[in-house]
Amino acid sequence: MPLNLLNKWKMRHLVVQWEEKFSGQINVAKNLLRSENLNSSKMPAVVMSASGGDKQFEGKITIYVVICGIIAATGGLMFGYDIGISGGVTSMDDFLEKFFPKVFERKHLAKEDNYCKFDNQNLQLFTSSLYLAALVASFIASKVCTNYGRKVTMQAASIFFLVGVLFDAFALDLAMLIVGRILLGVGVGFANQAVPLFLSEIAPVHLRGALNILFQLDVTIGIFVANIVNYFVANIHPWGWRLALGLAGVPAVMLCLGSLIIAETPTSLIEREKLTEGLDMLKKIRGVDNVEAEYQELVHASEMARQVKNPFKNLMKRSSRPQLVIAIAMQVFQQFTGINAIMFYAPVLFQTMGFKNDASLLSAVITGIVNVLSTIVSVVLVDKAGRRFLLLEACAQMLITQLAIGGILLVNLKTTNEIDHSIAIWVVVLVCLFVASFAWSWGPLGWLIPSEIFPLSTRTAGYAFAVSSNMFFTFVIAQAFLSMMCHMRAGIFFFFGGWIVLMGLFVIFLLPETKNIPIDEMTEKVWKQHWFWQRFMDEEEDSKEAINKEGK
């Protein structure tokens, strides 16, 4: 029998006043109210409490989920290939002679300052303009993600990226080159917004970390492939650089075609009120029919999210502060490890230390191999050892290697000399150890943790802040690194070492462990239990807001 208006009014007020005490029963009442408004094609649900008990959702890792994960993660290939290809192309003589003739001239002056050969703002703009565009695009991608789904956002990413590739591969002047980089940046912004969310939402909770890290694994594979391409095309004159930039279209085509095959996530379908499709898709990706508990959790989270009219404004609330601070801090710290300074400009860096062009590119290939293999370590360990252990171990290893590299260069690399080859080899070894520790920690976890800590009501908006923060600080490092190296010289490695100390303290005191915790239970099981962040979980404030909404 339908509920009459009086009963609806009573039940709504009962929800507000007694939610804490009778959360299970109230959620049932909420769902009865909602079922009155759903048409017959949508599945009504009796929602279990999102805060109640340690529920075990049924499900297994299905072939379909693996396929979807692999296809979606090709967005990481696009990002990684671009990171790797930029440094190699900017060290190629043909490229420099056409677009940056002043840098080309300085590079071949024997007595030019070792640390300042490549200090050129336009050259740095070639690399960094992509990340500035990605920063802006991530906020647009957030809206697209929420309103149209993760799948459509990934399709848009691949199209923008492909157009950017065409501009760069056929560039006739610096303006055309930069326009291409900006379009690539829009593609990266859309992909980096959608892919980690997609992977976190389709993964079973006990494998969420490993599946999400497929994105970072593809980033490292992209960097490695780019380094190999740079090595082989460097001697193809005068168009080797065009081939290197044009091959960036391959992962974009893979994502574009693959996105036609993959499914939308159940979370996104339910969020957009496609309840029947969401339930069917949840059964498909979990490989079992008994998904009622997880389905009800998603419906409940979706209902709460739907009440938030402005998720970006909601992010500014006190109760959203822990997730927002952590999401942004992870991006700041990820970039200030110094990793992108090394990965962007590895060939340039090795040339600075006296390696010839081919040798420097080969050294970059070696670091690329280390990057890929070490990311696989993270896939294996992240859901066993946990997020905090990997981050803290890496802080210690990165600090030691950064200080060692800085010390060696400070003593041995002066303004115009070349350091001894055996010492240079040790620098490459230390760079590999640094890259390894980053690749199993701050690299993948910088994307994983922000994708799993936000509630559905602010998830895409919160993750947009994470992506945009990452792109902004990537832009800062890419634009500033060569100039910083010119002015700070070997001291730049001590600069990054100081940041690594801050990162370690942040993890020890402010970053809670999130492994094996369902995304929609983070508030109860993580934030309300943390010694510091629990003070921001002001239930009384939220209850007053709910009462005001009901009164209206």
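Quick caveat, the model's predicted, so the values are computed rather than measured. One-based numbering along the sequence shown.
A donor-acceptor pair is defined here as one N or O able to donate and one able to accept, closer than 3.5 Å; no such pair exists between the side chain of Ser200 and the backbone of Leu197. Checked by atom type and distance alone, the side chain of Gln397 pairs as donor or acceptor with a backbone atom of Leu433 at under 3.5 Å. Panel note: side chain Asp383, backbone Ala210; a donor-acceptor pair is recorded below 3.5 Å. Side-chain atoms of Ser374 never come within 3.5 Å of backbone atoms of Ala439 as a donor-acceptor pair (strictly under, hydrogens ignored). Here the side chain of Trp440 pairs no donor or acceptor atom with the backbone of Leu390 at under 3.5 angstrom. Under a 3.5 Å cut-off, the side chain of Ser320 and the backbone N or O of Met316 do not form any donor-acceptor pair. With hydrogens and angles ignored, the 3.5 Å screen pairs a side-chain donor or acceptor of Asn212 with a backbone N or O of Pro196. With Thr375 contributing its side chain and Asn371 its backbone, the two residues share a donor-acceptor pair below 3.5 Å. With hydrogens and angles disregarded, a donor-acceptor distance shorter than 3.5 Å links the side chain of Lys515 to the backbone of Lys384.
The aromatic rings of Tyr463 and Trp447 are tilted relative to each other, their planes meeting at an angle between 30° and 60°. Using cut-offs of 30° and 60° on the angle between ring planes, the pair Phe495 and Trp499 is perpendicular. A perpendicular orientation is assigned to the rings of Phe473 and Phe336, their planes being inclined by more than 60° (bins at 30° and 60°).
The stretch residues 447-460 participates, sequence neighbours left out, in these salt bridge (charged side-chain N to carboxylate O under 4.0 Å, His left out) pairs: Glu201-Arg459, Arg208-Glu452, Arg387-Glu452, Arg459-Asp520.
With sequence neighbours excluded, the residues satisfying side chain to side chain contact (heavy atoms under 4.5 Å, CB included) with Ile517 are Met522, Lys525, Val526.
Summarising the geometry, atom OG1 belonging to Thr153 is positioned 8.0 Å from atom CD belonging to Glu264; distances are rounded to the nearest 0.5 Å. With rounding to the nearest 0.5 angstrom, the CG atom of Leu298 is 11.5 Å from the OG atom of Ser268. The CG atom of Leu282 lies 12.0 Å from the CG atom of Leu275; values are rounded to the nearest 0.5 Å.
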Query raised in the report: So Val219 and Phe215, side-chain contact (heavy atoms from CB on, under 4.5 Å) or not? Walk me through it.
Result: CA-CA 6 Å; Val219 170; Phe215 174 75; 4.2 Å; yes

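The shortest non-hydrogen separation linking Ser138 to Gln193 is O-OE1, 3.8 Å. Residues Lys151 and Ile262 share a closest heavy-atom pair of NZ-O, 3.0 Å. Contact between Ile508 and Arg388 at its shortest, heavy atoms only, is O-NH1, 3.6 Å. Nearest approach of Ser142 to Thr460, heavy atoms of both residues: OG-O, 3.1 Å.
The environment of Leu260 atom CG is dense: over 12 non-hydrogen atoms of other residues, nucleotides or ligands sit within 6.0 angstrom. Atom CZ of Phe506 is surrounded by more than 12 heavy atoms from other residues, nucleotides or ligands within 6.0 Å.
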Sequence neighbours left out, cut at 3.5 Å: what donor-acceptor pairs do the side chains of residues 64-79 make with other protein atoms?
| unit_1 | atom_1 | unit_2 | atom_2 | d |
| --- | --- | --- | --- | --- |
| Tyr64 | OH | Ala263 | N | 3.4 |
| Thr74 | OG1 | Ile71 | O | 2.4 |

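There is a side-chain donor-acceptor pair under 3.5 Å between Gln335 and Thr474.
Looking at Arg272 and Glu277, no side-chain N of the basic residue comes within less than 4.0 Å of a carboxylate O on the acidic one, giving no salt bridge.
Each of Phe139, Tyr148, Phe160 was evaluated against Phe190; a single residue qualifies, Phe160, per the ring pair (Phe, Tyr, Trp, His ring centres under 6.0 Å) test.
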